[in-house]
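In listed order, ligands and their atoms are each counted from 1.
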Amino acid sequence: MTAVNKNSSNILLIYTGGTIGMLREKGSKSLKAFNFDQLLSKIPELKLLDHNIDTISFDKPMDSSDMGIKEYQQLAETIFHNYELYDGFVVLHGSDTMAYTASVLSFMLENLAKPIIFTGSQLPIGDLRTDAKENLITSIQIAGLKQNNKSVIREVGLYFEYKLYRGNRTSKINAEHFEAFDSPNYPPLTESGVHLKINENFILKIKRKKPLILHKELEDHLLLLKLFPGLSQDMFAHLLNIKDIKGIIIETFGSGNYKTEDWFINGLKSKIENEIPVVNITQCLGGQVQMGKYYNSEKLEQIGVISGNDITTEAAIAKMMFLLPKKLNYEVFKTIFETSIRGEITEEI
Ligand code: ASP
């Protein structure tokens with residue numbers, strides 16, 4: 001493949017499914033994914049872009065609720081095998097689980113030096129009031145941005161409604177608004193208005209160019225436990241006793257607090273003693289866990305619970321899926337989890 005002019009980039013557009021490419025079939029009231037060629041014919045504007053765009057589609061485009069480890073692997077492999085051929089990648093994906101997939105991909109692809117931009121839409125591309133066109137066109141432009149022959153964005157991003165965020169910092173926050181995503185603990189990487197404003201300081205820096213590494217193995221025996229005031233001792237014990245749990249994420253209140261009762265603390269302690277990582281993340285959309293700030297989180301810190309700091313739930317799950325197959329001992333797992341490896345967490349200074 002050759003670039004047609006100095007400013008043009010080679011972009012691979014990967015279609016996985018989602019509302020962007022869905023249609024309402026006659027006689028049905030629900031949306032269903034449709035063929036990719038039909039999708040492209042709905043955006044003639046793509047031909048006006050300076051970039052060379054190749055496309056590839058999942059055999060069966062899907063609602064993103066159906067995505068799982070198999071699809072993460074398929075997507076990561078597609079990018080890995082095409083990495084040298086393209087300057088950037090745009091992934092069309094359903095918005096429901098986009099923040100999860102973007103987070104997982106950020107861990108699976110180590111030493112990434114090119115953009116992988118996730119986007120989608122709240123309304124199908126065929127809809128008169130669709131948000132799909134702007135999302136897709138600007139995503140391609142961002143993926144194609146180069147300076148001194150190097151990609152400007154060198155990480156996994158998520159573009160939606162005029163903002164590009166770091167993918168592993170995002171959460172879907174609204175099921176109806178066009179502004180469906182937020183990144184409460186990290187500023188946008190670019191903002192699109194009359195001009196495309198690039199927030200250089202927030203883009204992931206690469207120290208030295210190293211070959212891309214694909215981490216294909218992921219673990220799905222995780223337990224995510226959103227704690228609530230009336231959780232019963234029985235239920236908690238029951239959940240912790242589920243066979244084959246390899247890692248536990250607890251979503252606590254505020255800055256990492258929950259009950260100080262023995263049944264809660266000892267339940268978690270026994271898991272930690274058996275080398276099962278327990279990570280504490282907050283239920284709040286923004287802010288961070290600070291174990292020890294209140295009496296109600298002191299004991300968690302003392303028994304060795306790992307701090308998720310300001311990581312999102314999506315990125316915590318992704319990081320655990322990625323780290324567990326590495327079979328690290330508890331202390332090493334804890335140190336790596338509490339360290340930023342893809343810009344997913346704000347490290348304590
Ligand atoms: N249910 C759709 C999906 O996640 C919603 C969307 O694309 O916005 O695939």
Next item on the list: Test Y159 against Q141 for side-chain hydrogen bond (donor to acceptor under 3.5 Å, both in side chains), laying out the working first.
Entry: CA-CA 11 Å; Y159 183 82; Q141 281 182 325; over 6 Å; no
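Here the rule is side-chain contact (heavy atoms from CB on, under 4.5 Å) with K246, and of H221, E275, M321, M320 only H221 fits it. A side chain to side chain donor-acceptor pair (under 3.5 Å) with Q288 holds for exactly one of D310, T346, N309; it is N309.
Between Y186 and F202, the ring planes are perpendicular. Angles over 60° get that label, and only those under 30° would be called parallel. Aromatic ring orientation, F322 versus F107: parallel (interplanar angle below 30°, classes split at 30° and 60°).
L328 meets the side-chain contact (heavy atoms from CB on, under 4.5 Å) test with L323, K326, V332, F333, I336; sequence neighbours excluded.
The residues lining ligand 1, counting any heavy atom closer than 4.0 Å, are G18, T19, D63, S64, G94, S95, D96, S121, Q122.
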